[in-house]
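Here the structure comes first, spelled out in structure tokens, and everything after it is commentary.
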Number of protein chains: 2
Amino acid sequence: MAQSDPLYQRIASDLRDQIRTGAIKAGDRLPTEVELREQYDVSRNTVRLALGVLQNEGMISSTQGKGTVVREQVMLTYHAAWAESRDRHASDQTDAFYAEMRDQGRKGEYRDFEMRIKPATPELAARLHVDEGDSLVSRAISRFVDGQPFSLQDSYYPMDISQECGLLTPHDVPGGVIRALAAKGHTEIGYVDELTTRMPRPDEARKLGLSQGTPVLVYVRTTYSDKRPLRLTLTIFAGDRNRVVYELGDLTAYAENGGAS
Amino acid sequence: MAQSDPLYQRIASDLRDQIRTGAIKAGDRLPTEVELREQYDVSRNTVRLALGVLQNEGMISSTQGKGTVVREQVMLTYHAAWAESRDRHASDQTDAFYAEMRDQGRKGEYRDFEMRIKPATPELAARLHVDEGDSLVSRAISRFVDGQPFSLQDSYYPMDISQECGLLTPHDVPGGVIRALAAKGHTEIGYVDELTTRMPRPDEARKLGLSQGTPVLVYVRTTYSDKRPLRLTLTIFAGDRNRVVYELGDLTAYAENGGAS
DNA sequence: TGGCACCATTTGTTGGGACAACTTCGAGAG
DNA sequence: CTCTCGAAGTTGTCCCAACAAATGGTGCCA
């Protein structure tokens with residue numbers, strides 16, 4: 001904002017303000033680079049620097065040949081807490097996701113299921129309590145909502161459990177993995193969720209269709225039986241379209257008293 | 001990676017691989033722009049585009065006059081679940097943060113405490129169950145660890161509760177806000193946490209000392225009594241230095257059987 | 001009417017050059 | 001020996017120019 005800021009920063013601030021105040025609304029096209037060049041009397045290079053700033057902030061998105069538009073966001077909610085999903089877990093992971101989406105009036109689907117055997121990285125090994133380099137079974141899927149990619153999920157299981165419970169199949173486990181594990185005595189009694197954020201790697205950006213300036217929400221759930229870690233699920237959420245929610249404590253009392261919207 | 005990729009993308013991929021494989025380690029300096037220019041036989045403009053890509057991925061960080069280095073990350077953990085922090089809540093928000101940091105061998109501190117009265121935005125209004133534009137009391141702080149900024153926290157309270165419980169003071173509430181609320185019958189019985197991610201706004205990037213390509217983790221906790229929402233806490237975490245963790249379910253049985261590291 | 005070729009528009013890529021601003025470090029002054 | 005100043009090195013800002021690539025529409029032709 002200061003007078004001494006670089007030119008391209010001032011132009012970026014100016015456009016940012018116009019978007020924030022609603023002078024340019026979500027979905028609207030921005031002036032073309034040539035128009036901005038004339039408007040601010042700078043080189044096209046400088047205009048592109050300014051647009052790059054806003055692009056990295058996730059505010060705008062440009063397409064070759066079409067132009068530059070203000071991005072609009074639709075947030076989907078992922079309920080992560082135990083109480084919420086306990087009854088759904090009775091059936092299947094797949095069903096849980098479908099149910100969530102149906103509740104929000106969307107159409108969820110899966111694509112690109114893949115079963116692979118991978119060596120444990122140091123991080124995976126530490127969390128699953130196996131040795132580094134040990135074989136793990138990876139069962140990965142991509143989640144789509146209304147035809148748009150929303151998250152990439154990769155679940156890792158120790159090899160001995162996988163063999164015991166029939167997870168080495170290149171397709172869905174009938175009845176769901178959780179049920180298959182429980183049938184052999186591996187009952188989940190709790191989990192640890194870790195949430196971080198970072199910028200996507202190129203392949204993640206491609207698979208999730210992320211435009212420049214969109215971070216991902218990294219969500220790692222390690223579930224335990226009373227004896228050992230059973231499973232590690234790594235989910236990469238497209239940061240501009242997802243929200244993870246935990247509802248904890250005894251909120252039933254509040255709900256009974258006529259809670260808010 | 002494809003042969004037909006733009007030059008700057010190929011250079012970025014090349015450098016990314018060198019970093020990933022450890023040919024250039026965290027903390028190391030990259031070749032200077034002029035050296036890269038000669039090495040790849042491109043214009044300095046193109047080199048800067050390539051470095052910009054990696055910068056936006058949060059992999060490198062450059063300083064005028066010094067050079068460009070590979071970033072290294074230290075993660076701090078924030079335990080968010082009820083069970084973990086219940087006993088600490090008995091005292092104070094401040095103490096809870098100190099305790100977390102002490103557990104991880106760090107020195108936590110607060111700066112820039114600020115009490116203000118703000119009108120409720122649509123989002124705040126919906127969550128706190130008040131009307132849009134109603135006055136809310138905002139109590140904000142910045143959290144530092146080892147002298148480095150880690151998160152910005154802003155707690156909002158409905159005006160009537162604030163007056164009743166003496167939150168309109170421009171300094172810490174003795175014994176902690178939670179205790180002050182409970183003393184007047186506003187006992188917290190549960191909460192809803194919402195986690196999202198996005199790129200920081202310019203002022204957030206400045207306050208948190210974020211370098212280019214670092215997203216923030218947005219953490220909203222709404223706490224409830226049995227009758228109404230009591231408080232909304234909005235925390236902006238520096239994405240490259242923070243991890244939010246939830247431990248849920250009955251993991252005591254696992255711990256007793258000699259859990260992992 | 002349907003489809004194809006072409007053109008204008010717009011963003012993407014790449015090269016060139018110049019100067020500004022900041023850091024480091026060594027030489028020289030005190 | 002210490003302090004200061006300035007030169008060298010490095011990234012930041014800004015301009016200019018040209019062509020590539022994608023999009024959308026126009027109009028011709030079958």
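Letters A, B, ... are given to chains in the order of the sequence lines, protein chains preceding strands, and every chain is numbered from 1.
- Classification of A/Arg10 and A/Asp5 as a salt-bridged pair fails, no side-chain N sitting under 4.0 Å from a carboxylate O.
- Between B/Phe237 and B/Tyr78, the distance from one ring center to the other falls under 6.0 angstrom.
- A salt bridge links B/Arg20 with B/Asp17: at least one charged nitrogen is closer than 4.0 Å to a carboxylate oxygen.
- Running 5' to 3' along DNA chain C, contacts with non-hydrogen atoms of chain B at under 4.0 Å begin and end at C/dT13 to C/dT24.
- Looking at residues 25-35 of chain B, you'll see that no heavy atom sits under 4.0 Å from any atom of DNA chain C.
- Shown here are the side chain to side chain donor-acceptor pair (under 3.5 Å) partners of B/Glu204, two or more places apart in sequence or in another chain: B/Arg198.
- The list of salt bridge (charged side-chain N to carboxylate O under 4.0 Å, His left out) pairs with a residue in residues 69-78 of chain B, not counting sequence neighbours, reads B/Arg71-B/Asp240.
- Using a 4.0 Å cut-off on heavy atoms, none of the residues of residues 51-60 of chain A approach DNA chain C.
- For the salt bridge (charged side-chain N to carboxylate O under 4.0 Å, His left out) condition, the pairs that include at least one residue of residues 49-66 of chain B, sequence neighbours left out, are B/Arg16-B/Glu57.
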side-chain hydrogen bond (donor to acceptor under 3.5 Å, both in side chains) between B/Arg143 and B/Gln153, worked out: CA-CA 8 Å; B/Arg143 290 211 250 247; B/Gln153 186 169 316; 2.4 Å; yes
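- Ring orientation note: the planes of A/Tyr246 and B/Tyr246 are close to parallel, at an angle under 30° on the 30°/60° scale.
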Once each nucleotide of nucleotides 15-23 of chain D is scored for protein heavy atoms under 4.0 Å, what B/S/- sequence comes out, 5' to 3'? BB-B--BBS
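- By the 4.5 Å heavy-atom criterion applied to side chains, B/Leu76 and B/Arg243 are not counted as neighbours.
- Here A/Arg139 pairs with nothing under the side chain to side chain donor-acceptor pair (under 3.5 Å) rule; sequence neighbours left out.
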Return all side-chain donor-acceptor pairs below 3.5 angstrom for residues 114-123 of chain A, not counting sequence neighbours, or 'none' if the list is empty.
{"residue": "A/Lys118", "atom": "NZ", "partner": "A/Asp154", "partner atom": "OD2", "Å": "3.1"}
{"residue": "A/Lys118", "atom": "NZ", "partner": "A/Tyr156", "partner atom": "OH", "Å": "3.3"}
{"residue": "A/Thr121", "atom": "OG1", "partner": "A/Leu124", "partner atom": "N", "Å": "3.2"}

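- For DNA chain C, none of the residues of residues 201-214 of chain A falls under the heavy-atom distance limit of 4.0 Å.
- Every residue meeting the side chain to side chain donor-acceptor pair (under 3.5 Å) condition with B/Gln55, not counting sequence neighbours, appears here in chain and number order: B/Ser62.
- Note on A/Tyr8: a side-chain N or O is less than 4.0 Å away from OP1 or OP2 of D/dT13.
- For A/Thr46, the side chain to side chain donor-acceptor pair (under 3.5 Å) partners at least two apart in sequence or on another chain are A/Ser43.
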